[in-house]
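Structure, as structure tokens:
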Amino acid sequence: MTIAVIGSNMVDLITYTNSLPKAGETLEAPDFAIGCGGKGANQAVAAAKMGGNVMMVSKVGDDLFAPNTVANLQQQGVDTRFVTTAPGTSSGVAPIFVDDQSQNRILIIKGANQQLKPADIDDAAEALKACQLIILQLEIPLETVYYAIDFARQHQITVILNPAPAVATLDIDYACKCDFFMPNETELEILTGLPVSSDEEVILAGQSLLKRGLKNLIITLGSRGSVWMSGDEIHRVAATPVQAVDTSGAGDAFIGCFAYLLVETGDVAAAMTQASAYAACSVTGRGTQRAYPDAESFQRFLN
Ligand code: ATP
């Protein structure tokens, strides 16, 4: 394996409706769908679909969603040897309500993801040591994230930390131990307490983090593209123009593709340009993982 994702998986329970029930009320909704999600799983699937050799360290619940989650990862080519069951716990689930304006209302029940502990990293240690890159997000306990960062440093493995969803108490000293810190603009705002409504404000907020010792900061800005800041260098990448249908999971598509290309080429700027096109391609379809192209479809999109 070359890439390990230590992180979450979730089951998206998507109800399509324009009206939500009040207390005591029962309403009928027109449509429903189930999808495999979770930031960790999304990023693992994106990297694997691009051709990466990817393993996941993750927890599933003790319920009927678990076999489906594992089977889905396997179908996408992700190694699931270290996706284990948390007894007596539900899988991570995300009830999502989507109206006809494509507005999402999302609840997250972390479930088994909260049971991913440092001991699970120890259990996967030999396989992890063989990886060149570890990707982390914040849908698992912070103590596990910190433990994984220290593990990676000890074994000279490159680390990408995607601080999502934003946790204001994230210890920035740990972020500084990572090779790449990749927030979106909202996460940047929460972490710095600074405004991010213009490109200039984004850069100022980014600089405030760099001053604290971050090595490489890559901020994704939705349809405004992305920016890589390192030392005094600022490298902007425009978004690839597309007709967006559903932007959910775009950040995960970007990170998974970026990680794969970083391992393959070591060229950060080129990896960002390609990841930007990959994420743009993903927003032209509905859903998250199902909208991520494989390497062949991505090539067709580029031509
Ligand atoms: P999510 O949390 O849904 O995974 P995010 O908010 O973390 O997403 P964004 O910053 O919205 O991530 O998007 C990541 C990248 O995807 C952007 O930097 C951009 O390259 C690409 N992207 C997102 N939205 C669009 C769009 N409408 N058109 C083209 N590219 C897009």
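Remember, it's 1-based here, ligands and their atoms both numbered in the order they're listed.
Counting heavy atoms from C-beta on, the side chains of Met10 and Glu139 come closer than 4.5 Å. Put simply, the side chain of Pro95 reaches to within 4.5 Å of the side chain of Ile109, judged on heavy atoms. Counting heavy atoms from C-beta outward, Lys177 and Asp150 have side chains that approach closer than 4.5 Å. For the pair Asp199 and Arg236, the minimum side-chain heavy-atom distance is below 4.5 Å.
With respect to atom 21 (C) of ligand 1, the closest heavy atom belonging to the protein is Ala279 CB, 3.6 Å. Distance from atom 20 (O) of ligand 1 to its nearest protein heavy atom, with residue and atom name: Ser276 OG, 3.5 Å. The shortest contact between atom 8 (O) of ligand 1 and any protein heavy atom is with Gly251 N, 3.1 Å. For atom 18 (O) of ligand 1, the closest non-hydrogen atom on the protein side is Gly225 O, 2.9 Å. Among protein heavy atoms, atom 29 (C) of ligand 1 sits closest to Thr240 O, 3.2 Å. Regarding atom 3 (O) of ligand 1, its nearest protein heavy-atom neighbour is Gly249 N, 2.9 Å.
Near Lys39, meaning under 4.0 Å from any of its heavy atoms, are these atoms of ligand 1: 2 (O). Every atom of ligand 1 with a heavy atom of Ala280 under 4.0 Å away is listed here by number and element: 29 (C), 30 (N). Near Val242, with a cut-off below 4.0 Å to any heavy atom, the atoms of ligand 1 are 28 (N), 29 (C). Within the listing of ligand 1, atoms 3 (O) sit less than 4.0 angstrom from a heavy atom of Ser248. Of all the atoms in ligand 1, the ones that sit under 4.0 Å from a non-hydrogen atom of Thr247 are 3 (O). Per-residue contacts place Asp252 under 4.0 angstrom from the following atoms of ligand 1 (heavy atoms of the residue considered): 4 (O). Counting the atoms of ligand 1 from 1 in the order shown, those under 4.0 Å from a heavy atom of Ala244 are 27 (N).
For ligand 1, the polar-atom distance check finds an N/O of Gly222 within less than 3.5 Å of one of the ligand's N/O atoms.
Between the Asp123 side chain and the Phe82 main chain, no donor and acceptor come within less than 3.5 Å of each other. At least one donor-acceptor pair closer than 3.5 Å links the side chain of Asn162 to the backbone N or O of Met182. A donor-acceptor pair under 3.5 Å links the side-chain atoms of Lys49 to the main chain of Tyr292, judged by distance alone. Judged purely by atom type and a 3.5 angstrom limit, Glu25 has no side-chain atom pairing as donor or acceptor with the backbone of Pro21.
Closest heavy-atom approach to atom 6 (O) of ligand 1 among the candidates Thr288, Leu221, Asn184, Thr186: Asn184.
Side chains of Thr84 and Lys59: a donor on one and an acceptor on the other come within 3.5 Å.
Classification of the Phe151-His155 ring pair by plane angle, with boundaries at 30° and 60°, yields tilted.
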